[in-house]
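Here is the structure we will look at, set down as structure tokens.
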Amino acid sequence: MRKWSFIVGGLLVALLLAGVVSNFASAHPDGLDSSLREGCTFDADGEITGGSCPAQQEREHEIGGPLADYGIAGLDNEFLSTGLSGVLGVLLTFAVAGGAFWLVRSRATTGRR
């Protein structure tokens with residue numbers, strides 16, 4: 001019973017962080033984006049105005065998808081879109097990881113017989 005309360009508690013904390021706290025993440029570029037922007041100059045809107053950097057080769061996502069750019073496609077409310085995409089990501093990750101652990105466990109117990 002204790003194992004299940006730990007798993008459910010962890011899932012609830014992850015859902016809370018993904019659904020609510022993710023909306024308060026920094027709007028500033030992360031490490032990868034920041035390193036790709038080194039060498040360029042930018043205006044107040046973040047558009048490249050000069051210099052030379054790898055970020056000048058940036059294009060729209062070729063694949064796209066329903067959860068591209070940390071939001072849900074077609075949902076206009078940015079707060080809700082970011083929160084729901086985080087929650088869906090956590091649930092999908094939990095389902096895939098849980099399925100993988102279940103498969104590994106069932107094979108391990110089958111091999112012991």
Side-chain angles (χ1 to χ4, degrees):
M1 181 67 173
R2 186 172 183 189
K3 173 179 74 170
W4 287 108
S5 55
F6 178 76
I7 290 171
V8 169
L11 178 61
L12 290 175
V13 168
L15 288 170
L16 177 69
L17 290 172
V20 178
V21 178
S22 62
N23 280 293
F24 300 105
S26 176
H28 298 291
D30 62 11
L32 178 60
D33 286 338
S34 180
S35 65
L36 292 174
R37 296 166 62 105
E38 282 185 21
C40 285
T41 56
F42 298 87
D43 62 11
D45 295 328
E47 300 295 323
I48 298 173
T49 57
S52 176
C53 64
Q56 291 171 318
Q57 307 301 319
E58 181 181 45
R59 290 176 285 180
E60 286 294 318
H61 294 288
E62 293 178 12
I63 297 175
L67 299 177
D69 288 332
Y70 306 107
I72 295 181
L75 195 58
D76 293 333
N77 184 330
E78 189 174 332
F79 187 85
L80 184 62
S81 176
T82 301
L84 282 177
S85 70
V87 167
L88 286 174
V90 166
L91 291 175
L92 182 63
T93 302
F94 186 78
V96 169
F101 283 120
W102 178 78
L103 284 173
V104 168
R105 181 178 176 208
S106 66
R107 285 186 180 212
T109 56
T110 304
R112 284 191 235 171
R113 293 182 190 185

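All values below come from the heavy atoms of this structure, side chains included, with hydrogens, waters and symmetry mates left out. Note that the structure is a prediction, hence the values are computed from the model and not measured. One-based numbering along the sequence shown.
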* Asked: Backbone N or O of Glu47 within a donor-acceptor pair of the Asp45 side chain at under 3.5 Å?
  -> no
* Asked: Among the clusters formed by ILVMFWY side chains lying less than 4.5 Å apart, do Phe94 and Val87 turn up in the same one?
  -> yes
* Might you confirm whether atom CD of Glu78 has over 12 heavy atoms from other residues, nucleotides or ligands at distances under 6.0 Å? => no
* Within the side chain of Ser81, is there an N or O that forms a donor-acceptor pair under 3.5 Å with the backbone of Asn77? -> no
* Structure fact -> Smallest heavy-atom separation, Cys40 atom then Ser52 atom, equals SG-C, 3.6 Å
Donor-acceptor list for residues 6-23 side chains, cut-off 3.5 Å, not counting sequence neighbours:
| unit_1 | atom_1 | unit_2 | atom_2 | d |
| --- | --- | --- | --- | --- |
| Ser22 | OG | Ala18 | O | 2.5 |
| Asn23 | ND2 | Gly19 | O | 3.4 |
| Asn23 | ND2 | Phe79 | O | 3.2 |

* Would a 4.5 Å heavy-atom cut-off, applied to side chains only, mark Phe42 and Ile48 as touching? -> yes
* Asked: What's the shortest heavy-atom distance between Cys53 and Gly39, and which atoms?
  -> CB-C, 4.3 Å
* Structure fact -> Between Gln56 and Gly51, the two heavy atoms sitting closest are NE2-O, 3.0 Å
* Asked: Out of curiosity, does Leu91 fall in the hydrophobic cluster containing Phe101 (side-chain heavy atoms, cut-off under 4.5 Å, transitive links)?
  -> no
